[in-house]
Enquirer: 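The structure that follows is given in the form of structure tokens.
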Amino acid sequence: MLRNKAFISILMLISGYLSVAAQSSTNSPYTRYGLGDLSDRGFANNAAMGGIGYGIRNNGYINMTNPAAFSSVDSLSFMFDLGMSLKSSNFKENGISANAKNSSFDYIAIQFRLHKRLGIAVGFTPYSTVGYNFSTTNSVEGNNDYTATNNFYGDGGLQQITAGLGFKVLDNLSIGVSAGYMYGSLNYQTSIGFNVNSDQTYVYNKLNVKSYVADFGLQYTQPIGKTDNLTLGLVYGLGHTLNSTDTEGIQVTDNPTNPSYSSVNEKVINDSYGIPHTFGIGLAYLHKNNLTVGADYTLQKWSSVKYQNKTNMYEDRHKIAVGAEYIPNPIGRNYLQRICYRVGVNYTTPYLNLPQYEGPSEYSINAGFGFPLYLFQRRTILNLTGQYVRVRPSVTNMLSENRFVIKLGLTFNEHWFMKWKVN
């Protein structure tokens with residue numbers, strides 16, 4: 001009965017998350033281009049370690065970055081993980097600065113074992129988000145008494161629901177596959193108006209996506225001595241053209257709030273966007289079951305992906321991440337010895353080709369803690385992560401961003417599958 005109630009509660013939480021997931025969680029003008037701000041598959045604990053995860057095998061966490069890691073779950077555990085973020089951004093351009101604050105639910109996932117060699121995980125994670133609202137005002141060429149104001153607005157996001165299996169082929173070799181459904185909508189709008197009575201022009205673009213995603217993974221662990229091991233992780237994400245509908249239109253009206261006339265020219269284009277082939281490799285070194293050090297490299301082949309039926313709008317995206325986790329004594333009596341201490345850094349090149357220049361690069365410095373909470377569950381971990389993210393433009397005097405992020409994650413790990421014996 002208690003398990004049924006817990007499962008119903010999980011479904012209610014997931015339903016609530018689905019209802020708010022489409023809300024924008026970013027305020028970046030750079031999301032005007034491409035599919036917006038791309039999200040990582042890792043959770044709060046991964047983020048504290050710079051986002052690494054390809055080679056991580058830990059039966060206390062859900063690792064969505066590599067489906068081969070699903071086989072690491074033990075026979076007794078039912079894990080449930082959810083997370084959220086709080087963001088504060090500062091934008092600067094030509095000496096002018098602006099601030100923005102956002103919050104968002106980031107992910108929900110469950111994981112348990114189906115067989116002694118087979119684990120399953122189901123997760124709901126974002127793929128990308130769009131969110132911007134800014135304007136520019138300039139004098140009309142040839143007549144300084146007239147000004148033209150361009151307003152730019154966009155919102156929306158793409159989400160993915162995935163289910164994956166991790167199978168332990170050998171004691172030190174696991175493979176995995178994850179597949180699911182990507183959906184969502186991205187809205188882009190530009191309006192042009194003048195400081196005199198005249199028509200206003202709206203240019204809009206709405207992309208609706210209903211497509212699939214698929215990822216494949218492998219992990220191989222090599223023992224080093226009696227207490228240490230080294231794990232190699234490989235990941236491939238299937239790139240393809242998205243099943244999508246792109247509605248592009250131009251509307252001309254005399255009054256945006258109470259128009260006496262409105263002229264609309266609209267067209268619909270199908271399957272004009274795509275997602276890239278993704279290749280990832282990572283190494284993780286585990287020392288005496290309390291120190292983990294790892295590094296990941298990710299290549300996304302955006303250069304061959306369609307954007308509005310064009311294939312020269314993106315460039316390949318590279319990401320390098322390094323991180324570590326240290327637990328002084330996982331079974332120590334002192335609470336401070338049982339806390340997970342994490343740190344990491346990463347660097348990401350742009351995938352956007354903006355007009356006349358490439359998009360901004362990004363690097364982040366991360367640190368966090370995993371606080372064990374022994375409440376009603378066998379082992380609950382509260383993950384707290386702080387991030388400093390620097391978005392650096394490719395040319396001087398362009399928009400830069402300093403972002404401060406707090407990520408909160410809660411991992412429940414219960415004894416759902418224990419068989420009790422009565423003497």
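We're numbering straight along the sequence, starting at 1. Quick caveat: nothing in here was measured; it's all calculated off a predicted structure.
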Enquirer: Say whether, by atom type as modelled, one donor and one acceptor occur between the side chain of Thr385 and the main chain of Ala44 under 3.5 angstrom.
Expert: yes
Enquirer: Taking the six-membered ring for Trp, are the ring centroids of Phe112 and Phe78 within less than 6.0 Å of each other?
Expert: yes
Enquirer: Testing Asn46, Asn45, Asp106 one by one against Lys407 for a side-chain contact (heavy atoms from CB on, under 4.5 Å), which residue passes?
Expert: Asp106
Enquirer: Between Asp155 (side chain) and Leu186 (backbone), is there a donor-acceptor pair under 3.5 Å?
Expert: no
Enquirer: Is the backbone of Ser244 close enough, under 3.5 Å, to the side chain of Asp271 for a donor and an acceptor to pair up by distance?
Expert: yes
Enquirer: Between Tyr153 and Tyr132, is the ring centre distance below 6.0 Å?
Expert: no
Enquirer: Could you check, using the six-membered ring where one of them is a Trp, whether Tyr204 and Tyr188 have ring centers closer than 6.0 angstrom?
Expert: no
Enquirer: Look only at the side chain of Thr349 and the backbone of His318, and say whether a donor-acceptor pair between them is shorter than 3.5 Å.
Expert: yes
Enquirer: Compute the centroid of each ring, for His240 and then for Tyr212, and state whether the two points are separated by less than 6.0 Å.
Expert: yes
Enquirer: Quick one: does any side-chain atom of Ser128 pair with a main-chain N or O of Leu35 as donor and acceptor, under 3.5 Å?
Expert: yes
Enquirer: Between Asn63 and Gly53 (side chain of the first, backbone of the second, donor and acceptor by atom type, cut-off under 3.5 Å), is there such a pair?
Expert: yes
Enquirer: Would you check if the side chain of Gln219 reaches a backbone N or O of Ile56 as a donor-acceptor pair within less than 3.5 Å?
Expert: yes
